[in-house]
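Predicted, not measured: the structure shown is a model, and the values here were computed from it. Values reported hereafter were calculated over all heavy atoms of this structure, with side chains retained and with hydrogens, waters and symmetry mates removed.
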Amino acid sequence: MRNRFDEQLNVLNSELVEMGALCEYAISGCVKYLITNDDIIKDNVLEADSQIDQKERDIERLCMKLLMQQQPVASDLRVISAALKMISDMERIGDQASDIVEIAKHSKGGLICGKSHIEDMARETIKMVTESVDSFVKKNVALAESVIGHDAVVDKLFDIVKGELIKNVRKSEMDAETSIDLLMVAKYFERIGDHAENIADWVIYSVTGKREIY
């Protein structure tokens, strides 16, 4: 019975890794779309969001099956309950990547060109998502704590972007509508970082039984 349960937990880990990879793909895709306005990239991001939604449903069913059929002990129950919380955050990450391409869809040409702090935000949030899921699979509390600490990097980048946009509008170097669009995009990336932080927090709970609210 335990061997069967362990096999199903391995399946759960694999499904979470795949869902995390889809989140990474969606985030990187929405940044490419911000630069290129390529409709193929936009469609790929929206499709990834759909796949993320399906993964959430698949993992929910697997978790319910584990709960009903295996009668897990306390530590296993924490793992399953943490996984259910994590997929909710990952589903929101997919939604926010989709929201970003919807904002860019109505702009004329790419919203950002070349290197920018928004691209930096995207890169840092991808890192947070990747490492938060990795920490769950490896039961690595130190890595999860590192993800939580890294959210400050994303928050700082958001403040930099906000400050730059305000300065550009004041100097008439950017129209107000584009500035608002970019600020909304940056805010979505900041929220993605928050969701990755939540995932890492649930990882710590799954391993230690303790959870902090940040």
Side-chain angles (χ1 to χ4, degrees), residues 6 9-32 34 45 48-49 52 55-56 59 63 74-97 99-100 115-164 185-214:
D6 288 339
L9 283 180
N10 287 335
V11 172
L12 175 60
N13 286 344
S14 296
E15 289 289 301
L16 284 166
V17 168
E18 288 179 18
M19 191 174 181
L22 285 167
C23 290
E24 295 163 30
Y25 179 82
I27 299 167
S28 60
C30 67
V31 175
K32 291 175 185 175
L34 286 169
V45 172
D49 182 32
I52 289 166
K55 279 290 181 189
E56 182 187 31
I59 294 171
C63 288
S75 58
D76 294 326
L77 186 60
R78 287 201 308 269
V79 169
I80 297 167
S81 60
L84 286 167
K85 295 292 186 178
M86 289 167 59
I87 59 174
S88 177
D89 279 296
M90 284 195 273
E91 190 272 336
R92 291 299 299 136
I93 288 170
D95 287 348
Q96 284 154 0
D99 289 339
I100 289 170
K115 182 171 177 60
S116 77
H117 287 104
I118 289 180
E119 289 176 274
D120 293 337
M121 287 186 76
R123 184 177 61 252
E124 298 302 334
T125 55
I126 289 172
K127 172 183 169 70
M128 289 179 69
V129 171
T130 302
E131 291 186 352
S132 63
V133 176
D134 196 30
S135 69
F136 178 81
V137 173
K138 295 179 179 177
K139 295 181 172 53
N140 188 329
V141 171
L143 183 57
E145 289 173 341
S146 173
V147 171
I148 290 169
H150 203 71
D151 188 55
V153 174
V154 176
D155 290 345
K156 183 176 180 180
L157 286 168
F158 174 74
D159 289 338
I160 292 171
V161 170
K162 183 169 64 174
E164 288 178 343
V185 167
K187 187 61 180 176
Y188 278 127
F189 281 124
E190 192 258 345
R191 288 178 180 171
I192 289 171
D194 289 342
H195 286 298
E197 181 182 23
N198 287 344
I199 293 168
D201 191 22
W202 284 112
V203 170
I204 294 171
Y205 168 76
S206 73
V207 176
T208 67
K210 298 177 182 179
R211 183 167 187 258
E212 299 291 338
I213 305 299
Y214 297 92

Rounded distance (nearest 0.5 Å) linking atom CD1 of Ile59 with atom CE of Met90: 5.5 Å

Val129 to Cys23 - nearest heavy-atom pair and separation: CG1-CB, 4.1 Å

Which atom of Ile52 lies closest to which atom of Ala26, heavy atoms considered: CD1-CB, 4.5 Å

Results of salt bridge (charged side-chain N to carboxylate O under 4.0 Å, His left out) for Asp134 - residues two or more places apart only: Lys138

Within-4.5 Å side-chain heavy-atom neighbours: Lys85 and Asn198: no

Ile148 side chain reached by Ile204 side chain, heavy atoms, under 4.5 Å: yes

Residue pair Ile118 / Phe189, side-chain heavy-atom distance below 4.5 Å: yes

Contact summary for Gly29 and Val45, nearest pair of heavy atoms: C-CG2, 3.5 Å

Thr125 OG1 to His195 NE2 distance, which is reported to the nearest 0.5 Å: 11.5 Å

Ile100 side chain reached by Gln96 side chain, heavy atoms, under 4.5 Å: no

Side chain Ser146, main chain Ala142, donor-acceptor under 3.5 Å: no

Electrostatic pair Asp159:Lys156 at N-O distance under 4.0 angstrom: no

Closest non-hydrogen atom pair between Leu22 and Ala48, with its separation: O-CB, 4.3 Å

Derivation and outcome, salt bridge (Lys or Arg N to Asp or Glu O under 4.0 Å), residues Arg191 and Asp194: CA-CA 5 Å; Arg191 288 178 180 171; Asp194 289 342; over 6 Å; no

Distance, nearest 0.5 Å, that separates NE2 of His117 from CZ of Phe158: 14.0 Å

Nearest-0.5 Å distance that lies between atom CH2 in Trp202 and atom OG in Ser132: 14.0 Å

Leu77 side, atom CG; Ser206 side, atom OG - distance, nearest 0.5 Å: 11.5 Å

Phe136 side chain reached by Val17 side chain, heavy atoms, under 4.5 Å: no

Beyond-backbone contact of Glu197 with Asp89, side-chain heavy atoms, under 4.5 angstrom: no

Contact summary for Cys63 and Ile80, nearest pair of heavy atoms: CB-CG2, 3.7 Å

Residue Lys55 excluded, over 12 heavy atoms near NZ under 6.0 Å: yes

Residue list, side-chain hydrogen bond (donor to acceptor under 3.5 Å, both in side chains) with Arg78, at least two apart or on another chain: none

Separation of Leu84 CG from Ser88 OG (nearest 0.5 Å): 9.5 Å

Charged N-O contact under 4.0 Å between Asp95 and Arg92: yes

Salt bridge (charged side-chain N to carboxylate O under 4.0 Å, His left out) partners for Lys127, two or more places apart: Glu131

Non-hydrogen atoms of Ala186 and Val161 that approach each other most closely: CB-CG1, 3.8 Å

Beyond-backbone contact of Ile126 with Ser28, side-chain heavy atoms, under 4.5 angstrom: yes

